[in-house]
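First comes the structure, then the notes that go with it.
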Protein chains: 2
Amino acid sequence: MAKMQKEYNLSKNQQIVFDIIEKSSEPVKAYSILFNVKKKGIKAPPQVYRALEKLIKLGKIHKVESKNAFVACKSSNCEISKATAFSICEICEKVTEIANNKLSNFLNSFEDKSGMKYKKYNLEFFGLCKKCKKT
Amino acid sequence: MAKMQKEYNLSKNQQIVFDIIEKSSEPVKAYSILFNVKKKGIKAPPQVYRALEKLIKLGKIHKVESKNAFVACKSSNCEISKATAFSICEICEKVTEIANNKLSNFLNSFEDKSGMKYKKYNLEFFGLCKKCKKT
DNA sequence: CTTTCAAATGTTATATTATTACATAGTGTT
DNA sequence: AACACTATGTAATAATATAACATTTGAAAG
Ligand SMILES: [Zn+2]
Ligand SMILES: [Zn+2]
Ligand SMILES: [Zn+2]
Ligand SMILES: [Zn+2]
């Protein structure tokens with residue numbers, strides 16, 4: 001029953017870029033991707049950035065704004081990639097996508113006096129991870 | 001009783017950069033600042049980026065990560081600049097700092113199973129502002 | 001099968017954002 | 001004065017991202 005999710009019809013470049021991000025244990029930068037795919041025939045920034053843009057639209061990856069880096073979506077709840085939350089360790093820089101219903105419910109239903117209706121959000125928490133707290 | 005907050009001892013460059021950001025009704029980009037302060041003797045990027053860095057540390061300004069732009073702090077609650085929330089209109093790009101106790105209380109006390117203690121966060125909401133909703 | 005249209009690709013050049021490195025100058029304290 | 005600390009000035013370059021245009025691919029319709 002695991003991995004029932006269909007692997008969608010990614011194009012060649014999209015699949016190459018996605019594979020790199022998915023395999024990485026940490027956020028990947030665009031030019032690091034570019035460097036790593038030179039051997040596969042992708043030679044120029046636009047090819048990478050286009051794939052990234054599409055993958056974001058599909059919700060397969062997210063951009064970690066404070067790091068200008070990209071991670072594969074782990075929560076599969078944000079298929080449309082419109083509600084993302086991350087925890088970021090300030091020492092080891094580990095980034096983890098937060099999947100927490102209480103949090104997402106709260107934020108998805110948040111309204112303030114401005115009269116603005118929020119369709120989308122990005123939240124980045126900073127602190128010390130368990131490991132780094134010990135030191 | 002308004003504006004009791006002391007105007008701190010900003011250095012010359014810090015004050016120049018801060019004035020520009022504070023006077024602007026929208027987020028200001030670093031190189032836009034640079035362009036605007038050429039006449040005041042600030043000539044190179046590091047001078048601007050250093051001032052920005054210090055102003056962020058002081059909590060006088062915030063960086064809007066999704067836009068690589070800077071806004072003056074309006075809430076005066078985030079002196080230490082460790083908890084910021086913005087609403088961003090996807091059409092007119094208007095950015096507003098959100099000061100909402102329910103939101104900040106919720107986020108400041110948020111904990112998840114990861115065992116990570118969060119000291120700081122940045123939240124960016126996207127949607128349509130009142131004006132743009134009408135069109 | 002051919003026409004068609006949208007999506008994806010390839011390529012060159014350039015724009016935008018940010019930092020490194022090193023030299024110099026001001027400021028307050030002992 | 002000697003010291004430490006913060007801020008400044010300057011040149012060069014690194015890192016991130018987009019513009020513009022030509023070409024190819026792939027699915028859908030006729
Ligand atoms: Zn996700
Ligand atoms: Zn850590
Ligand atoms: Zn603020
Ligand atoms: Zn608007």
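Below, read A as the first sequence line, B as the second, and so on, with proteins coming before strands; counting in each chain starts at 1. These values consider heavy atoms only, across backbone and side chains, with no hydrogens, waters or symmetry-generated copies.
Considering only residues two or more places apart in sequence or on other chains, B:Ser24 meets the side-chain hydrogen bond (donor to acceptor under 3.5 Å, both in side chains) condition with none of them. In this view, B:Ser32 satisfies the side-chain hydrogen bond (donor to acceptor under 3.5 Å, both in side chains) rule with no residue, not counting sequence neighbours. With sequence neighbours excluded, the residues that form a side-chain hydrogen bond (donor to acceptor under 3.5 Å, both in side chains) with A:Gln14 are A:Ser11. Listed by chain and residue number, B:Lys119, B:Lys120 satisfy the salt bridge (Lys or Arg N to Asp or Glu O under 4.0 Å) test with A:Glu90 (two or more places apart in sequence, or in another chain). With sequence neighbours left out, A:Asp112 forms a side-chain hydrogen bond (donor to acceptor under 3.5 Å, both in side chains) with A:Ser114, A:Tyr118.
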Under-3.5 Å N/O pairs linking protein and nucleotides 9-11 of chain C:
| residue | atom | partner | partner atom | Å |
| --- | --- | --- | --- | --- |
| C:dT9 | OP1 | A:Ser11 | OG | 2.8 |
| C:dT9 | OP1 | A:Lys12 | N | 3.4 |
| C:dT9 | OP1 | A:Asn13 | N | 3.0 |
| C:dT9 | OP2 | A:Ser11 | OG | 3.3 |
| C:dG10 | OP2 | A:Asn13 | ND2 | 3.1 |
| C:dG10 | OP2 | A:Gln47 | NE2 | 2.5 |
| C:dG10 | O5' | A:Gln47 | NE2 | 3.4 |
| C:dG10 | N7 | A:Arg50 | NH1 | 3.0 |
| C:dG10 | O6 | A:Arg50 | NH2 | 2.3 |
| C:dT11 | OP2 | A:Lys43 | NZ | 3.4 |
| C:dT11 | O4 | A:Arg50 | NH2 | 3.4 |

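Among pairs with a residue in residues 89-112 of chain B, those fulfilling ring pair (Phe, Tyr, Trp, His ring centres under 6.0 Å) read A:Phe106-B:Phe106, A:Phe125-B:Phe110, at least two apart in sequence or across chains.
C:dT17 has B:Tyr31 stacked on its base ring, the centres lying under 5.5 angstrom apart and the planes within 30 degrees of parallel.
Rounded to 10 degrees, the angle between the two end axes of the helix from C:dC1-D:dG30 to C:dT30-D:dA1 is 30°, with five pairs used at each end.
B:Leu128 belongs to a hydrophobic cluster whose other members, connected by ILVMFWY side-chain contacts under 4.5 Å either directly or through intermediates, are B:Ile91.
Nucleic acid contact for B:Lys67: none, since no nucleic acid atom lies under 4.0 Å from a heavy atom of the residue.
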query: Given A:Asn68 and A:Lys63, is the side chain to side chain contact (heavy atoms under 4.5 Å, CB included) satisfied, shown in steps?
result: CA-CA 7 Å; A:Asn68 295 318; A:Lys63 181 173 186 180; 3.9 Å; yes

Donor-acceptor list for residues 42-52 of chain B side chains, cut-off 3.5 Å, not counting sequence neighbours:
| residue | atom | partner | partner atom | Å |
| --- | --- | --- | --- | --- |
| B:Gln47 | OE1 | B:Lys43 | N | 2.9 |
| B:Gln47 | OE1 | B:Ala44 | N | 2.9 |

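Here the straight-line distance linking atom CG of A:Leu123 with atom CD of A:Glu65 works out to 12.5 Å at 0.5 Å rounding.
Contact check of residues 23-30 of chain A against DNA chain C (heavy atom, cut-off under 4.0 Å) returns no residues at all. The stretch residues 85-96 of chain B has no heavy atom under 4.0 angstrom from DNA chain D at all.
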